[in-house]
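Order of the sequence lines fixes the chain letters, A, B, ..., with proteins taken first and strands second; residue numbering starts at 1 for each chain. Note that these values count all heavy atoms, side chains included, but never hydrogens, waters or copies made by symmetry. For clarity, every value in this text was computed on a predicted model and none was experimentally measured.
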Amino acid sequence: MTAESPLERERRDKVARWRAEGKEPYPWSFPHRVGTDVVRDACARLRPGEDDMAHPLRVAGRLRAIRVHGRTAFADLDDLAGSLQLFFRVDELGEEAFQAWIRDLDPGDIVGAQGAPAVSRRGEPSLLVTELTLLAKAIAPPPEKFHGLQDVEERIRRRYVDLLASPESRDRFRLRSALVAEAREFLHAEGFLEVETPVLLPIAGGAAAQPFVTRSNYLDEELQLRIALELPLKRLLVGGLERVFEIGKCFRNEDLDSTHSPEFTMLEAYWAYADYTDMRRLIEGLYARLGRRAREVAPENAKIAAAAEAFGRPFATVDFLDELERRSGITGLGTKGRDELRELARAAGSTVPADSSVGVFLDKLFEHYVEPHLTEPTFVLDHPTATTPLAKHHRAKPGRVERFEFFYRSYELGNAYSELNDPDEQERRFREQLSGRAAEQYAFDQDFVEALRYGLPPCTGVGIGVDRMVMALTGTPSIKEVILFPQARSA
RNA sequence: GGGCCCGUAGCUCAGUCCGGUCAGAGCAGGCGGCUCUUAACCGCAAGAUCGGGGGUUCGAAUCCCUCCGGGCCCGCCA
């Protein structure tokens, strides 16, 4: 650990003094407390300068600032409900107790206070303190009271300091919780069964990404951490569960940037006897509801209001190829060969390997020409077959699959298909995929094909990045700001 | 993988271009004052191997090399 600073030594001395006086600096509980909002409400009935000694209340929380005026003092106390000014006077506490308290309290200390709701002469709702209890002495000083913790690395490595110093950060993670709960309730109400499937798998499938690899001592086998939820969930539809979803961590052994984290939360839902058009309606309904919920939780926040507004309308809809041709000015993309597409992708700045598939080049062109324009909620429909091995071919458009991705602020929020359920075609597509350069890395999931042989009902499925969902609804530009403890190199 | 940028007191920041009272301020903490403040205020004193290591120089926070940590952009990631 870090060496003890002089500041910390002062604070430890205060703890020692506390104990010497027979008081416990780390007691066990503080019963019968109310939130600071309750005291504020009680103060609403009082005029400036008044107090209500007949109805004492107890609050507990962290001291943020202490302002001493000789024989009067004020302190700001934060709890999850907000903050409240504590008001100390010699008149209530007596000279000796007052001085002892003021001497030994520091910003960052966690205290419980009992007293009367009161409004200061300047009109600030307060608690006129008659009894104070130290609940936990803070040895480490909190960040600077006005600027808080600015260093991004420190905010990530010591999120607890960020949270204790920043109401905005606390609010963001509370909203995340509310949104995930809302998504869960939405799917439950739509008849989806929440399930949990394995994180550790012999072969991580369902997406193209490098897996993290670990090992079971008992099995004496290599295991991979899942990169998607898709394949186990579809097996459950084979088993007759009809509507299932899972919310859980997935792991991709790739770089970290403002919209990617190696460890991230995925929501996937699979729905039997429905197709991707049904899924579009479900997604619009989900996001509209999430927008309403975000607004309820944070009615004052302009970014959230803007996002809720955007998701309250039907999403825009564009065709993958039409939009790509329109934005790029290139025509006949659907019929061009691999060599031609490779040159177009290179001209657009992509450096993907020359032997990549047609689908890869089309994806690169789409990323370059179209994605920057997808700032409003937008469904992108009907991708070329070559881009997508797990989706069913389009019922009307040759060379396409029934797939949509949805975008907002130029990043992908999710991806859905009418799911491929023909076992022979699935095996063929897996083998085509394996014939590529990455064959060694992506051994295919033979048991999944075996499951399809028993009959997967026609179905649609969606994968939603939960972290990005929270970014979208809160207007947060970086994924690190919506993950409590993002990955960081060992210090 | 490529490029750009950052690291100075517990926290927030000046100082780096042009080497020489450049170790500075504010907050927090200590001491003293103040019975209505809310980034409280006033006075005094204290607090820093300037991310680590190496080099150039009479002299390095400042210039060079290297390492560590971080950020942003680009690339890669069915």
Side-chain angles (χ1 to χ4, degrees), chain A residues 2-11 13-14 48-49 64-76 83-93 95 98 103 106-108 118-126 128 138-157 161 165 205-211 227-228 252-260 262 349-353 356-364 367-368 383-391 401 403 415 429-430 432-434 436-438 441-442 477-478 480 488-491:
Chain A
T2 49
E4 186 179 59
S5 72
L7 291 171
E8 294 185 0
R9 205 169 311 121
E10 287 287 347
R11 287 172 176 235
D13 289 347
K14 292 175 182 177
R64 183 155 35 83
I66 301 171
R67 299 178 289 280
V68 181
H69 294 251
R71 286 172 179 74
T72 299
F74 301 92
D76 297 324
S83 71
L84 179 72
Q85 175 168 274
L86 302 183
F87 184 14
F88 303 91
R89 269 195 320 216
V90 166
D91 308 4
E92 278 74 34
L93 296 165
E95 183 75 29
F98 178 88
R103 187 186 57 192
D106 289 299
V119 175
S120 75
R121 282 179 212 155
R122 295 284 182 90
E124 181 71 25
S126 306
L128 183 55
I139 299 302
E144 205 254 3
K145 63 185 172 188
F146 188 63
H147 298 92
L149 194 60
Q150 295 295 320
D151 185 82
V152 175
E153 181 183 359
E154 282 297 293
R155 289 187 30 232
I156 286 170
R157 286 187 194 277
V161 180
Q210 292 281 340
I227 56 176
R252 296 185 180 179
N253 208 339
E254 315 265 359
D255 288 358
L256 189 155
D257 65 27
S258 62
T259 55
H260 295 82
S350 171
T351 60
V352 285
S356 301
S357 72
V358 167
V360 169
F361 293 129
L362 286 170
D363 274 337
K364 289 294 147 194
E367 281 172 27
H368 181 259
H383 298 56
T385 305
T387 61
T388 317
L390 289 157
V401 290
R403 172 183 179 186
N415 184 26
R429 293 222 213 153
F430 274 152
E432 277 168 24
Q433 191 186 342
L434 283 175
R437 306 158 55 248
Q441 292 165 11
Y442 303 117
S478 168
K480 289 176 192 169
R489 208 175 293 271
S490 311

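Here the separation of B:U16 from B:G7, taken at their P atoms, is 12 Å to the nearest Å. Of the P atoms belonging to B:C64 and B:C74, the separation is 28 Å, rounded to the nearest Å. On the P atoms, B:C77 is 24 Å away from B:C4, given to the nearest whole Å. Between the C1' atoms of B:G2 and B:A39, the separation comes to 44 Å (whole Å). For the C1' atoms, the distance linking B:G29 with B:G15 amounts to 25 Å, nearest Å. Distance check on atom C1': B:G59 versus B:G71 gives 34 Å, rounded to whole Å. Taking atom P in both B:C18 and B:C63, the straight-line distance is 8 Å, to the nearest Å. For the C1' atom pair drawn from B:U8 and B:A61, the interatomic distance equals 7 Å after rounding to whole Å.
The nearest whole Å value for the distance from the CZ atom in A:Phe146 to the P atom in B:C13 is 12 Å. Between the CG atom of A:Leu7 and the P atom of B:C27 there is a distance of 14 Å, given to the nearest Å. Rounded to whole angstrom, the span from the CZ atom of A:Phe98 across to the P atom of B:C36 amounts to 11 Å. In this structure, NE2 of A:His368 is placed 11 Å from P of B:C74, rounded to the nearest angstrom. Going from atom CD of A:Glu8 over to atom P of B:G47 covers 18 Å, rounded to whole Å. Summarising the geometry, the separation between CD on A:Glu153 and C1' on B:C68 is reported as 10 Å, rounded to the nearest angstrom. Rounded to whole Å, the distance from CZ on A:Arg252 to C1' on B:C76 is 14 Å. Look at CD1 on A:Ile66: it is 16 Å from P on B:A39, rounded to the nearest Å.
Of the listed nucleotides (B:C36, B:G1, B:G71), B:G71 has the atom at the smallest distance from the side chain of A:Val152. Residue A:Asp255 places its side chain closer to B:C76 than to any other of B:G29, B:U35, B:C76. Closest to the side chain of A:His260, out of B:C77, B:G69, B:G30, is B:C77. In the set B:G71, B:G26, B:U38, B:G26 carries the atom at the smallest distance from any side-chain atom of A:Glu144. Taking every side-chain heavy atom of A:Arg157 into account, B:G69 is the closest of B:U12, B:G69, B:G75. Distance from the side chain of A:Glu124 is smallest for B:U38 among the nucleotides B:C77, B:U38, B:C36. Side chain of A:Val352, nearest nucleotide from B:C76, B:C36, B:A28: B:C76. Each of B:G29, B:G71, B:C36 was ranked by its minimum atom distance to the side chain of A:Arg11; first place goes to B:G29. You'll find that the side chain of A:Asp257 is closest to B:C76, out of B:C76, B:G10, B:C36. Checking B:C73, B:C77, B:C76 against the side-chain heavy atoms of A:Ser258 singles out B:C73 as nearest.
Taking only side-chain nitrogens and oxygens, A:Thr72 never comes nearer than 4.0 Å to OP1 or OP2 of B:C36. OP1 or OP2 of B:C76 lies within a sub-4.0 Å distance of a side-chain N or O belonging to A:Ser350. Distances shown here put every side-chain N or O of A:Lys480 at or beyond 4.0 Å from the OP1 or OP2 atom of B:G70. Listed pair A:Lys364 / B:C76 meets the phosphate criterion, a side-chain N or O lying under 4.0 Å from OP1 or OP2.
Across every strand in view, B:G1 sits in a pair with B:C74 that passes the Watson-Crick or G-U test at under 3.5 angstrom. Summarising the base pairing, B:U12 is matched to B:A25 through a Watson-Crick or G-U wobble pair whose two defining distances lie under 3.5 Å. Summarising the base pairing, B:C63 is matched to B:G55 through a Watson-Crick or G-U wobble pair whose two defining distances lie under 3.5 Å. In a base pair of the Watson-Crick type (N1 to N3 plus N6-O4 or O6-N4) or a G-U wobble (N1-O2 and O6-N3), with each distance short of 3.5 Å, B:G7 is matched with B:C68.
Salt-bridge check for A:Arg71 with A:Asp91: failed, with every basic side-chain N at 4.0 Å or more from each acidic carboxylate O. A salt bridge links A:Lys364 to A:Glu367: one of the charged nitrogens lies within less than 4.0 Å of a carboxylate oxygen.
The residue among A:Gln85 and A:Pro389 whose nearest nucleotide of RNA chain B is located toward the 5' end is A:Gln85. Ranked by how close their nearest RNA chain B nucleotide is to the 5' end, A:Arg103 and A:Glu367 are led by A:Arg103.
Looking at heavy atoms from C-beta onward, A:Leu362 lies out of side-chain contact with A:His383 at the 4.5 angstrom threshold. The shortest distance between side-chain heavy atoms of A:Glu92 and A:Phe98 does not fall below 4.5 Å. Contact check for A:Pro143 versus A:Val161: side-chain heavy atoms found under the 4.5 Å cut-off. A:Asp76 places a side-chain heavy atom less than 4.5 Å from the side chain of A:Arg67.
Using a 4.0 Å heavy-atom criterion, one finds that A:Thr351 contacts the sugar-phosphate atoms exclusively. Residue A:Gln150 is in sugar-phosphate contact alone, with no base atom involved, counting any heavy-atom pair closer than 4.0 Å across all strands shown. Using a 4.0 Å heavy-atom distance criterion, A:Gly108 is classed as making no nucleic acid contact. Note on A:Leu149: only backbone sugar-phosphate atoms sit closer than 4.0 angstrom, heavy atoms only; bases stay farther off.
Checked by atom type and distance alone, the side chain of A:Arg252 pairs as donor or acceptor with a backbone atom of A:Ile227 at under 3.5 Å. Judged purely by atom type and a 3.5 angstrom limit, A:Arg403 has no side-chain atom pairing as donor or acceptor with the backbone of A:Asn415.
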Legend entry - Step-by-step side-chain contact (heavy atoms from CB on, under 4.5 Å) determination, A:Asp255 to A:Asp257: CA-CA 7 Å; A:Asp255 288 358; A:Asp257 65 27; over 6 Å; no
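The base of B:U12 is not paired with the side chain of A:Asp151 by any donor and acceptor separated by under 3.5 Å.
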